[in-house]
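Below: the structure, in structure tokens.
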There are 2 protein chains.
Amino acid sequence: MRLYFVYISPVVSFQHPIQVVARLTGLTPHVIRVWEKRYQAVMPTRTGTNRRLYSDAEVDRLRLLAQATAAGHKIGIIAKLETEDLKRLVATVSGGATAPSIAAVLDTESQAGLRGPAEIALVSEPQRSMRSGTTRDWDHDGDLLRAAMEATATFDSGALQRTLERAAVQFGHNGVLHRVVCPLAADLGERWQQGLITAAHEHFASAVIRDFLTRLARPYAVTPSAPCAVVTTPSGQLHELGAVIVAAAATHWGWKTVYLGPSLPAAEIAGAATQNRARAVLLSVVYPADDASLPAELAQLRQYLPDDTEIFIGGRAARAYAPALKQVRVHIQTDLESLGDRLEEMRANRFGA
Amino acid sequence: MRLYFVYISPVVSFQHPIQVVARLTGLTPHVIRVWEKRYQAVMPTRTGTNRRLYSDAEVDRLRLLAQATAAGHKIGIIAKLETEDLKRLVATVSGGATAPSIAAVLDTESQAGLRGPAEIALVSEPQRSMRSGTTRDWDHDGDLLRAAMEATATFDSGALQRTLERAAVQFGHNGVLHRVVCPLAADLGERWQQGLITAAHEHFASAVIRDFLTRLARPYAVTPSAPCAVVTTPSGQLHELGAVIVAAAATHWGWKTVYLGPSLPAAEIAGAATQNRARAVLLSVVYPADDASLPAELAQLRQYLPDDTEIFIGGRAARAYAPALKQVRVHIQTDLESLGDRLEEMRANRFGA
DNA sequence: TGTCGTATGTCAACTCTTTGTCTCAAACTT
DNA sequence: AAGTTTGAGACAAAGAGTTGACATACGACA
């Protein structure tokens with residue numbers, strides 16, 4: 001009998017030199033080497049001339065270690081852990097490492113103090129200050145934001161992308177959403193309204209961020225049983241950045257998301273939702289905040305959709321429509337975290353309205 | 001006495017001299033030669049007088065190598081890799097910078113994984129070069145288009161992405177634009193107008209294709225001296241797919257492109273173009289075809305821009321505005337290839353108007 | 001509170017590889 | 001005639017390796 005080994009290893013795995021690993025993990029080559037020397041955190045193979053070569057698994061492991069140390073864990077302790085344990089550790093911690101920061105909101109002004117920074121932390125927070133040097137150049141979120149703004153001002157898409165990617169390795173998928181993308185989006189909107197940047201800048205940044213987010217959310221494998229969410233903006237709402245953020249977040253939360261781009265009429269949204277048997281429709285409204293036809297549009301959407309499909313609406317302008325939406329069952333969620341909580345509830349129980 | 005074999009040898013696709021390849025890849029002729037000499041990265045054919053001639057495939061390969069080295073990989077190692085492997089390598093290191101598990105990236109079933117994960121490093125490559133040109137499952141563009149349409153109809157973004165990726169592997173970057181993306185976009189527009197698909201489908205597909213294209217075009221090394229093009233759609237033109245295609249193509253042609261998303265007023269476009277010292281502004285107009293304010297908008301744009309900045313306009317509705325644009329120096333280019341030719345002229349001579 | 005040991009990131013020095021660049025002369029192209 | 005292309009060899013800058021020292025933050029203990 002014959003065994004076909006060929007097809008058993010499905011994907012060619014690459015070996016990465018230390019430079020690549022550094023970029024992929026956000027660690028410096030120095031640190032990677034010293035972790036190996038002191039703690040045997042990884043044991044890369046070597047080329048004939050003694051250069052290190054890391055497998056994908058080792059890159060993953062280093063990334064996990066980087067995230068765990070960023071959350072305050074001691075490298076000397078966790079370096080001994082199995083990779084699986086590391087994953088669990090990061091999974092439990094990541095809530096603490098990322099969530100406690102800024103209650104990231106789509107609308108700027110009201111983002112003040114929904115919760116104190118340390119409240120949710122599972123790990124003691126103070127280390128954050130010392131962690132500064134751990135991951136390269138960027139000490140605070142502020143630096144990253146400034147760099148992103150700078151790149152936007154000069155239309156430097158490459159720089160903006162690199163900044164976002166750096167933020168992603170530093171803060172993780174969830175963290176980058178809350179701590180960088182959301183504030184950045186809010187900041188953009190604000191500066192635009194203040195006339196500090198032009199619409200071109202805002203469009204430009206939107207396109208780059210959108211691209212970054214879709215790429216960020218992509219690699220997640222969706223479980224077949226994952227609930228489905230349709231993400232879009234209602235007719236007349238041309239700004240899609242908020243919707244893209246929500247789509248990325250929803251994907252991160254384990255939903256199968258169908259992203260439809262901006263400005264769709266109710267009937268269209270309903271059609272797509274029905275066809276996908278979506279459990280939730282997520283809408284972002286940013287501007288304008290006084291579209292008289294929007295409430296009717298939403299009422300119509302509510303009517304078209306099956307009863308067990310929930311509608312969530314968020315974004316800077318969402319609250320403006322709150323009074324008009326009292327009647328129809330449309331949930332307003334202006335901050336990302338509480339939207340996450342609601343969605344989490346939904347997949348747990350059937351979200352008893 | 002010398003015979004010029006150039007045009008005698010059976011030319012499958014166009015062959016490029018080294019200078020052109022340099023521009024297309026961002027590498028210097030020196031580097032291209034030395035990569036060939038030291039690592040046999042590519043083996044260009046020669047003219048009767050020993051000049052190198054590169055095929056499109058080799059240009060693609062060099063571009064991939066350039067991207068991978070830019071990401072930190074060692075040319076000495078990756079030069080041995082199969083082109084297909086290079087593609088995936090580039091996808092993992094530049095696209096999935098934060099992918100939790102790199103192994104999950106592309107599970108193309110057509111990959112005969114001849115080597116286990118550990119083997120690859122030092123062992124000389126098993127020869128699989130013969131697989132290069134063969135087409136597997138998809139014999140005709142039509143099949144791919146059908147698959148793409150199918151995926152669109154069912155809102156299956158994963159399937160649509162995979163279809164596009166496959167097309168990219170099969171036809172190369174340039175080919176996928178001409179043979180798949182453009183027809184697909186046209187088809188979408190047509191079916192939408194005929195009511196065969198809804199706007200939601202069209203939006204959905206646009207978002208996925210857009211994402212695919214930005215990813216496709218993104219990591220190209222741009223020569224510092226590359227001319228700059230600003231890509232967008234004029235006010236009121238909400239469909240950005242055409243613009244995205246043009247942006248991807250322009251990047252492919254070696255331009256530094258600044259993509260601004262859809263629907264920008266003339267002043268904004270002019271501002272961005274000026275700030276970037278753009279040599280060209282590329283606009284896509286699809287719908288509506290009877291916007292009375294558009295000609296004035298374009299005239300204004302022409303007025304704002306420096307004289308040596310050319311404006312090109314394309315897209316399904318472009319011709320509808322042709323009469324109105326007689327006066328202003330705005331060039332109408334409805335097909336991608338001739339736009340490419342024009343841009344090529346521009347960078348060659350200063351495009352004597 | 002102050003001091004010391006420990007943990008951990010950073011730096012310097014030196015060597016060896018790798019890789020991009022340069023030069024030059026001859027051949028080719030326009 | 002002026003500019004490119006080619007091939008070979010030389011060169012230099014950058015990168016990666018190792019080792020050992022150093023600095024800083026934290027915790028423990030007086």
Side-chain angles (χ1 to χ4, degrees), chain A residues 15-23 25-41 43-54 62 65-66 68-80 123-139 170, chain B residues 1-7 15-23 25-54 62 65-66 68-80 122 221 223-224 348-349:
Chain A
Q15 304 268 288
H16 307 281
I18 198 166
Q19 186 69 53
V20 171
V21 180
R23 291 190 207 180
T25 58
L27 301 165
T28 68
H30 259 126
V31 171
I32 297 175
R33 277 193 291 263
V34 89
W35 282 4
E36 174 189 336
K37 180 179 178 183
R38 291 180 181 156
Y39 320 108
Q40 293 83 48
M43 297 291 283
T45 58
R46 304 289 184 118
T47 71
T49 55
N50 208 26
R51 300 296 154 105
R52 291 172 171 83
L53 283 178
Y54 298 83
L62 283 171
L65 287 172
T69 53
H73 287 277
K74 304 287 184 189
I75 181 61
I77 296 172
I78 61 174
K80 297 178 175 62
V123 189
S124 53
E125 264 298 310
Q127 285 102 343
R128 187 159 291 302
S129 52
M130 151 249 171
R131 189 193 51 30
S132 51
T134 301
T135 33
R136 284 258 187 103
D137 314 321
W138 307 100
D139 294 346
Q170 180 163 345
Chain B
M1 112 190 153
R2 274 270 177 247
L3 289 181
Y4 296 108
F5 272 96
V6 184
Y7 299 110
Q15 308 274 103
H16 312 281
I18 197 166
Q19 198 63 250
V20 171
V21 178
R23 238 177 30 213
T25 57
L27 301 166
T28 69
H30 267 316
V31 171
I32 298 175
R33 275 194 293 265
V34 90
W35 280 5
E36 175 188 336
K37 177 182 174 184
R38 291 179 182 158
Y39 320 109
Q40 294 83 48
V42 289
M43 298 290 281
T45 57
R46 304 288 185 123
T47 72
T49 57
N50 207 27
R51 297 298 149 106
R52 291 172 171 82
L53 283 179
Y54 297 84
L62 282 172
L65 288 171
T69 52
H73 277 277
K74 302 290 170 190
I75 182 61
I77 293 177
I78 61 173
K80 299 181 175 64
L122 306 173
T223 337
N349 44 37

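Lettering of chains follows the sequences in order, A, B, ..., and the numbering in each one begins at 1.
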Between [N] and [X], is there an OP1 or OP2 to side-chain N/O distance shorter than 4.0 Å?
X	N	answer
A:Y39	C:dT8	yes
B:R52	D:dG7	yes
B:Q19	D:dT4	no

If you find the nucleotide of DNA chain D closest to B:H30 and the one closest to A:R38, which residue's nucleotide is nearer the 5' end?
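Whichever sits nearer the 5' end wins; that is B:H30.
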
Would you say that B:R46 contacts B:L53 through its side chain, given a criterion of any heavy-atom pair below 4.5 Å between the two side chains?
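Of all side-chain heavy-atom pairs linking B:L53 with B:R46, none is under 4.5 Å.
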
Within-4.5 Å side-chain heavy-atom neighbours: A:H30 and A:W35:
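A side-chain contact is absent here, since even the closest heavy-atom pair is not under 4.5 Å.
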
With axes from five pairs an end, tell me the bend angle of the helix from C:dT1-D:dA30 to C:dT30-D:dA1, nearest 10°.
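The angle separating the two end axes equals 50°.
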
Classify B:T28 by what it touches in the nucleic acid, base, sugar-phosphate, or nothing, heavy-atom distance under 4.0 Å.
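Sugar-phosphate, backbone atoms only, no base.
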
Closest non-hydrogen atom pair between [X] and [Y], with its separation:
X	Y	answer
B:V31	B:L27	CG1-CD2, 4.2 Å
B:T45	B:Q15	OG1-NE2, 2.9 Å
A:K37	A:Q40	O-NE2, 3.2 Å

So if I take every side-chain heavy atom of [X] and compare against [options], which nucleotide ends up nearest?
X	options	value
B:R51	D:dT18, D:dG15, C:dT29	C:dT29
B:V31	C:dT10, C:dT21, D:dT19	C:dT21
B:K74	C:dT21, C:dT10, C:dT18	C:dT18
A:T49	C:dT17, D:dT6, D:dT18	C:dT17
A:N50	D:dT18, D:dT19, C:dT8	D:dT18

Side chain to side chain contact (heavy atoms under 4.5 Å, CB included) between B:R33 and B:I18, worked out:
CA-CA 9 Å; B:R33 275 194 293 265; B:I18 197 166; 3.7 Å; yes

Taking it one step at a time, do A:Y54 and A:E36 satisfy side chain to side chain contact (heavy atoms under 4.5 Å, CB included)?
CA-CA 12 Å; A:Y54 298 83; A:E36 174 189 336; 3.9 Å; yes

Whole angstrom is fine here: how far is it from CD in A:E36 over to C1' in C:dT8?
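To the nearest whole Å, that distance equals 16 Å.
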
Using atom CG of B:L27 as one end and atom C1' of C:dT21 as the other, report the distance to the nearest whole Å.
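Going from CG in B:L27 over to C1' in C:dT21 covers 14 Å.
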
